[in-house]
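For reference, the structure is listed below as structure tokens.
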Amino acid sequence: MNTTDPDAVFNYSFTVTDDVIDGNGHVNNVAYVQWMQDVAVRHFRSKISRQQMQDFGCLWVARSHHIEYLSPALPGDEIRALTWIVNWRRVRSVRRYRFLRSRDDTVLAQGETDWVLVNAGSGRPCSIPQQIQDAFILHPE
């Protein structure tokens with residue numbers, strides 16, 4: 001992945017544990033959706049605190065996930081999860097992900113989530129505050 005600003009892409013590494021291995025001996029597909037959420041939260045929290053989100057009175061919910069599985073991950077594999085924000089719309093934002101096996105940089109899976117910002121009280125969509133937008137560098141690819 002090429003980007004002119006390395007701060008646009010968030011990196012997080014972890015090791016595949018036995019609890020995410022399915023009957024086929026590789027990482028269960030559902031684990032990737034959990035990893036997508038986990039790395040998105042880590043990226044977001046690196047720039048915006050829980051307190052700031054409480055002050056804004058809003059929270060993110062997933063509208064849709066798309067994921068493409070390209071190669072199996074196995075127990076003990078070290079995974080490098082990459083995530084970046086593609087765009088901001090009034091109440092929505094697309095975030096992409098790529099999961100690579102660290103030892104050989106094989107792309108294991110890639111995907112995206114369409115996130116919607118909602119009012120914490122009403123659950124209705126709300127505009128993304130400029131402070132949130134300004135905290136992140138977009139990587140539209």
Side-chain angles (χ1 to χ4, degrees), residues 1-22 24-141:
M1 165 179 315
N2 295 322
T3 180
T4 56
D5 192 329
D7 291 331
V9 179
F10 181 80
N11 288 272
Y12 176 70
S13 294
F14 59 94
T15 302
V16 174
T17 56
D18 290 339
D19 62 316
V20 296
I21 303 303
D22 64 17
N24 296 321
H26 57 71
V27 171
N28 187 289
N29 298 349
V30 174
Y32 284 96
V33 176
Q34 181 66 56
W35 293 345
M36 289 166 68
Q37 178 176 308
D38 292 348
V39 74
V41 168
R42 285 181 183 277
H43 183 209
F44 194 79
R45 289 284 177 247
S46 76
K47 307 284 186 182
I48 302 291
S49 71
R50 290 180 197 273
Q51 184 59 55
Q52 285 173 294
M53 287 302 286
Q54 287 177 353
D55 292 346
F56 293 138
C58 54
L59 52 95
W60 291 102
V61 295
R63 182 173 183 261
S64 66
H65 294 292
H66 170 78
I67 190 164
E68 182 179 19
Y69 304 100
L70 302 169
S71 188
L74 305 173
D77 279 347
E78 184 174 322
I79 306 295
R80 201 160 40 98
L82 310 175
T83 189
W84 59 96
I85 298 170
V86 175
N87 61 30
W88 299 114
R89 295 184 220 131
R90 191 175 70 76
V91 300
R92 293 170 40 197
S93 179
V94 171
R95 175 184 286 278
R96 293 207 175 119
Y97 311 85
R98 188 164 295 142
F99 296 91
L100 301 104
R101 186 172 34 242
S102 295
R103 68 178 154 82
D104 60 6
D105 281 338
T106 297
V107 178
L108 305 171
Q110 56 192 14
E112 70 178 37
T113 302
D114 187 7
W115 291 97
V116 178
L117 193 68
V118 299
N119 179 284
S122 70
R124 297 180 56 92
C126 60
S127 294
I128 300 169
Q130 192 63 48
Q131 298 94 317
I132 291 176
Q133 295 180 46
D134 291 345
F136 296 89
I137 299 167
L138 296 181
H139 182 54
E141 284 192 301

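Owing to the predicted nature of the structure, the values given are computational and were not obtained by experimental measurement.
Counting heavy atoms from C-beta outward, Ile21 and Val27 have side chains that approach closer than 4.5 Å. In this structure, the side chains of Leu117 and Met53 come closer than 4.5 Å at one or more pairs of heavy atoms. A 4.5 Å side-chain heavy-atom check between Met36 and Phe99 finds at least one atom pair inside the cut-off. Arg98 has its side chain within reach of Trp84: a pair of non-hydrogen atoms, C-beta onward, lies under 4.5 Å apart. In this structure, the side chains of Phe14 and Asp38 stay at 4.5 Å or more apart for every pair of heavy atoms.
One side chain, Thr113 or Tyr97, offers a donor N or O that lies under 3.5 Å from an acceptor on the other.
At most 12 heavy atoms of other shown residues, nucleotides or ligands fall within 6.0 angstrom of atom CZ in Arg42.
Here the closest non-hydrogen pair linking Arg80 and Ser13 is CG-OG, 3.7 Å. Between Leu82 and Val9, the closest heavy-atom pair is CB-CG1, 4.0 Å. Among all heavy-atom pairs drawn from Val116 and Pro125, the shortest one is CG1-CB, 4.2 Å. Considering all non-hydrogen atoms of both residues, Ile48 and Gln52 come closest at CA-OE1, 3.3 Å. Ala8 and His139 make their closest contact through CB-CB, 3.9 Å (heavy atoms, listed as atom of the first residue, atom of the second, distance). Across all non-hydrogen atoms, the minimal contact from Ala40 to Trp115 is CB-CZ2, 4.2 Å.
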Run the side-chain donor-acceptor check on residues 126-134: report pairs under 3.5 Å with partners two or more places apart or on a different chain.
from: Ser127; atom 1: OG; to: Arg90; atom 2: NH1; distance (Å): 3.3
from: Gln130; atom 1: NE2; to: Asp134; atom 2: OD1; distance (Å): 2.8
from: Gln133; atom 1: NE2; to: Ile128; atom 2: O; distance (Å): 3.0

Run the side-chain donor-acceptor check on residues 67-77: report pairs under 3.5 Å with partners two or more places apart or on a different chain.
from: Glu68; atom 1: OE1; to: Gln110; atom 2: NE2; distance (Å): 3.1
from: Tyr69; atom 1: OH; to: Asn29; atom 2: O; distance (Å): 3.1
from: Asp77; atom 1: OD2; to: Leu74; atom 2: N; distance (Å): 2.8

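Side-chain N or O atoms of Asn28 include none that pairs as donor or acceptor with a backbone N or O of Asp22 at under 3.5 Å. Side chain of Asn24 to backbone of His26: no donor-acceptor contact under 3.5 angstrom is found. For Ser93 (side chain) and Asn87 (main-chain N/O), a donor-acceptor pair under 3.5 Å exists by modelled atom type.
Of the candidates Arg95, His66, Arg92, Arg92 is the only one forming a side chain to side chain donor-acceptor pair (under 3.5 Å) with Asp114.
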field: ring pair (Phe, Tyr, Trp, His ring centres under 6.0 Å) between Phe44 and Phe10, worked out
entry: CA-CA 9 Å; Phe44 194 79; Phe10 181 80; over 10 Å; no

